Amino acid sequence: MEVLPKKFYERDPAKVAKDLLGKLLVRKINQTQLIGRIVETEAYYGKEDPASRAVLGRPKYCVKFLYDVPGKVLIYNVHKYWLFNVVAHQPKKAGAVLIRAIEPIKGIEIMKRFRKVKNLKELTNGPGKLTQALQITKELNGSFVTQSNSPIFIIKGKKVNFKISKSKRIGVSKDLPQKLRFFILGNEWVSK
DNA sequence: AGGAAGATCTACT
DNA sequence: GTAGATCTTCCTA
């Protein structure tokens, strides 16, 4: 199991978001491991990005986080759901990557119990859904996905071939002109 | 206490 | 598919 190093996250958020596709997200609960393959991400920048949480009027703790150490986990609540982000940016910049969807790999039965849903495709095909399936809550805030002893981390996994596609971000009222949402083309768990 | 939120679900045309 | 209601959870005052 090869954990992605901090250096991986010390780059342009859009690059990190794109490169995270196909990687494995590992959630450790006691001795159990839940694993999902990352199939959809979005990049967010600093205050030059109107959709970013670094802009004025957003909670301060989020702003601070965006400037924090790359590889750190940022979790916040939207409506009644949790969203899972990883801090990613170049030195002295701000940014993060939002994990929007994963493909369940291991611990599927456990995920189903957490989500209370019958359809496998509905298990983790959205940012609020995957946090439910993996029991991701505020408690994981501040962990590092770069450490294999943290309750959640990201590993390289097997090399698999796939096509990457991109689009504009979802649910964002004031978006940047660039396309900052990345996903694996044709994957069943990509949200719509 | 209040307000705001990067979503989800349900129930329809 | 798409629109509308949802009514939780946290931070800041």
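Note that the coordinates shown come from a computational prediction; the quantities given were computed from them, not determined experimentally. Just so it is clear: chains get the letters A, B, ... in the order the sequence lines come, proteins before strands, and each one is counted from 1. The basis for the numbers below is simple: all heavy atoms, side chains too, and nothing from hydrogens, waters or symmetry mates.
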> Could you give the CZ-to-P distance, from A/Phe84 to B/dA7, as a whole number of Å?
17 Å

> Please give me the minimum heavy-atom distance between A/Ile184 and A/Gly22, naming the atom from each residue.
CD1-N, 3.9 Å

> Looking at every heavy atom in both A/Glu188 and A/Lys121, which two are closest together, and how far apart are they?
CB-CD, 3.7 Å

> Against A/Glu40, only a single residue in A/Lys192, A/Lys18, A/Arg169, A/Arg181 fulfils salt bridge (Lys or Arg N to Asp or Glu O under 4.0 Å); can you say which?
A/Arg181

> When the distance from NZ of A/Lys192 to P of B/dT8 is rounded to whole Å, what number comes out?
10 Å

> Any strand counts, and the cut-off is 3.5 Å on both contacts for Watson-Crick or G-U wobble. Which nucleotide pairs with C/dC7?
none

> Please encode protein proximity along nucleotides 8-13 of chain C as a string of B, S and -, counting only heavy-atom distances under 4.0 Å.
BBSSS-

> Does the side chain of A/Arg115 get closer than 4.0 angstrom to OP1 or OP2 of B/dC9 through an N or O atom?
yes

> Identify the heavy atoms of A/Ile35 and A/Met111 that sit nearest to each other, and give their distance.
O-CE, 3.6 Å

> Side chain of A/Lys129 only, heavy atoms from C-beta on: which candidate in B/dA5, B/dC9, B/dA7 is closest?
B/dC9

> In whole Å, I'd like the distance from the CD1 atom of A/Ile75 to the C1' atom of B/dA7.
16 Å

> Once you round it to whole Å, what is the distance between P of B/dC9 and CG of A/Asn119?
11 Å

> Could you tell me how far apart A/Tyr76 (OH) and B/dA7 (C1') are, to the nearest whole angstrom?
11 Å

> Regarding A/Arg53 and the six-membered ring of A/Phe65, is the cationic atom NZ or CZ under 6.0 Å from the ring centre and inside 45° of its axis?
no

> In whole angstrom, give the distance that lies between atom CD of A/Glu42 and atom C1' of B/dA7.
12 Å

> Please test A/Gln132 against A/Lys129 for side-chain contact (heavy atoms from CB on, under 4.5 Å), starting from the C-alpha separation and ending with a verdict.
CA-CA 5 Å; A/Gln132 267 183 29; A/Lys129 297 178 188 176; 5.6 Å; no

> Mind checking A/Arg181 for me? I need base, sugar-phosphate or nothing, with any heavy atom below 4.0 Å counting as a touch.
nothing

